[in-house]
Amino acid sequence: FQYLTHGHEQVGGRWGNARLTERMRPQSVQTYYNTLKTFFRWMIEEGAASSNPMERIPTPIARVDQVNPFSAEEIRRIQEACKTTRYAARDRAIIDMFLDTGARESELLFIEIGDVDMTECKVMVTGKGNKRRQLYFGRHTKASLWRYLRGEIRQGNDDRLFRGEKGDLTRSGLYRIIKRLEDVAHVSPMHPHRFRHTFAVTFLRSGGNVYALKDLLGHTDFKMTQRYVALAQSDMAAQHRKHSPVEFMRKSK
């Protein structure tokens, strides 16, 4: 656990993956801890071990990630940065789909052509636990998708929507795209989940229903959704303090 929380500086990366050189996120470390604790508990039940060594190791602290949505100016710079990439239409379509649907990175990567309904502006995604749900997008995202698909040659509905240079777009390929856009747009940090944060908070700020948001995000309960509600409410409170009609009229006297 000391190793997981302090990165990997040796050549080759952690477990032979050259990309894995930085320390793990606290949530990932906690997942490893819980998995090993459960494994050794099973070992004791099976009579293969007499004690659980994980009981002597303190549970790693994993605080909830701070919700930090992109600003409107950052979004503008990211979209402009797409024009500078080799596959500009694809990259813009990816960014717009993230922002307009709130899809997780794994959900976006596994979208197939047949999952997209361009007439109704909706897409079917497969979320956690192989649960399928419907997401929606607007006319600007629809236009981005058409610009991208016009330059693509596809064989059938089961082809993946987003492709890389050598086939289906992978997680590492997606992160390379985002890293290039981050460098050009000078927006940091940039990661797929931050687009999801931005979708959720913007949805609520513009008057979206919290129950609809829960279903759109694929949350099983309101615990996660409530994080976005709290941020949106604090934002509205700050806006009111700044633009209170009564305060404005008193200052104008």
OH of Tyr33: more than 12 outside heavy atoms within 6.0 angstrom? yes
Is a side-chain donor or acceptor of Asp115 paired with a backbone partner of Glu112 at a separation under 3.5 angstrom? yes
Answer with yes or no whether the side chains of Ser144 and Arg147 bring together a donor and an acceptor at under 3.5 Å. yes
Taken to the nearest 0.5 Å, the spacing of Thr126 OG1 from Lys131 NZ works out to 12.5 Å
Salt bridge (Lys or Arg N to Asp or Glu O under 4.0 Å) pairs touching residues 95-106, sequence neighbours excluded, are Arg92-Asp96, Arg104-Glu107, Glu105-Arg171
If I take atom CD1 from residue Ile78 and atom CZ from residue Phe70, how far apart are they, to the nearest 0.5 angstrom? 4.0 Å
May I ask you to decide if Leu216's main-chain N or O and Arg133's side chain share a donor-acceptor pair within less than 3.5 Å? yes
In short, Leu161 meets Tyr148 closest at the heavy-atom pair O-OH, 2.7 Å
Heavy-atom closest pair, residues Gln79 and Ile95: CG-CG2, 4.5 Å
Nearest 0.5 angstrom please: Arg163 CZ to Thr170 OG1, how far? 12.0 Å
Distance (rounded to the nearest 0.5 Å) between Arg180 CZ and Thr85 OG1: 7.0 Å
Heavy-atom closest pair (Thr202 atom, Thr198 atom, distance to 0.1 Å) is OG1-O, 2.7 Å
Transitive ILVMFWY side-chain link Tyr87 to Leu149, under 4.5 Å: no
Holding to side-chain contact (heavy atoms from CB on, under 4.5 Å), I want the full list of residues that pass it with Phe39, two or more places apart in sequence or in another chain. Trp42, Met43
Could you walk me through whether Phe98 and Phe199 pass the ring pair (Phe, Tyr, Trp, His ring centres under 6.0 Å) test, one step at a time? CA-CA 8 Å; Phe98 267 138; Phe199 163 80; over 10 Å; no
Could you tell me whether Arg77 and Glu73 have a side-chain N and a carboxylate O separated by less than 4.0 Å? yes
Kindly compute the distance separating CG (Leu109) from CG (Leu174), expressed to the nearest 0.5 Å. 5.0 Å
Tyr136: ring pair (Phe, Tyr, Trp, His ring centres under 6.0 Å) partners, not counting sequence neighbours: none
Same cluster or not: Phe222 versus Phe203, using hydrophobic residues (I, L, V, M, F, W, Y) connected whenever any side-chain heavy atoms lie under 4.5 Å apart? yes
Scan for salt bridge (Lys or Arg N to Asp or Glu O under 4.0 Å) pairs involving residues 181-199, sequence neighbours excluded, and state none if there are none. Glu74-Arg194, Lys179-Glu182, Lys179-Asp183
For Arg139, is the CZ atom crowded, meaning more than 12 foreign heavy atoms sit under 6.0 Å from it? no
Would you compute the distance between atom CD of Glu80 and atom NZ of Lys83 and round it to the nearest 0.5 angstrom? 3.5 Å
Ile113 and Met124: same hydrophobic cluster, using ILVMFWY side-chain contacts below 4.5 Å? no
With hydrophobic residues grouped by side-chain heavy-atom distances under 4.5 Å, do Phe195 and Val184 end up in a single group? no
Exercise: identify the closest heavy-atom pair between Leu135 and Ala103: CD1-CB, 4.0 Å
Hey, does Ile178 have a side-chain heavy atom less than 4.5 Å from the side chain of Tyr175? no
Let me have the donor-acceptor pairs involving side chains of residues 48-56, under 3.5 Å, with sequence neighbours excluded, atom names and distances please.
unit_1: Asn52; atom_1: OD1; unit_2: Met54; atom_2: N; d: 3.0
unit_1: Asn52; atom_1: ND2; unit_2: Lys37; atom_2: O; d: 3.1

Within the structure provided, determine whether Leu108 and Val125 are in side-chain contact (heavy-atom separation under 4.5 Å). no
In the structure I gave you, are the side-chain heavy atoms of Lys128 and Thr220 within less than 4.5 Å of one another anywhere? no
Greater than 12 external heavy atoms within 6.0 Å of His140's NE2: no
Closest approach of Ile94 to Leu169 (non-hydrogen atoms, all atoms of both residues): CD1-CD2, 3.7 Å
Heavy atoms only: give me the nearest Ala93-Leu145 pair and the separation to one decimal. CB-CD2, 4.2 Å
Anything under 30° is parallel, anything over 60° is perpendicular, the rest tilted; go ahead and classify His197 against His193. perpendicular
Is there a donor-acceptor pair under 3.5 Å between the side chain of Lys142 and the backbone N or O of Met118? yes
Identify, with sequence neighbours excluded, every residue that meets ring pair (Phe, Tyr, Trp, His ring centres under 6.0 Å) alongside Tyr32. Trp15
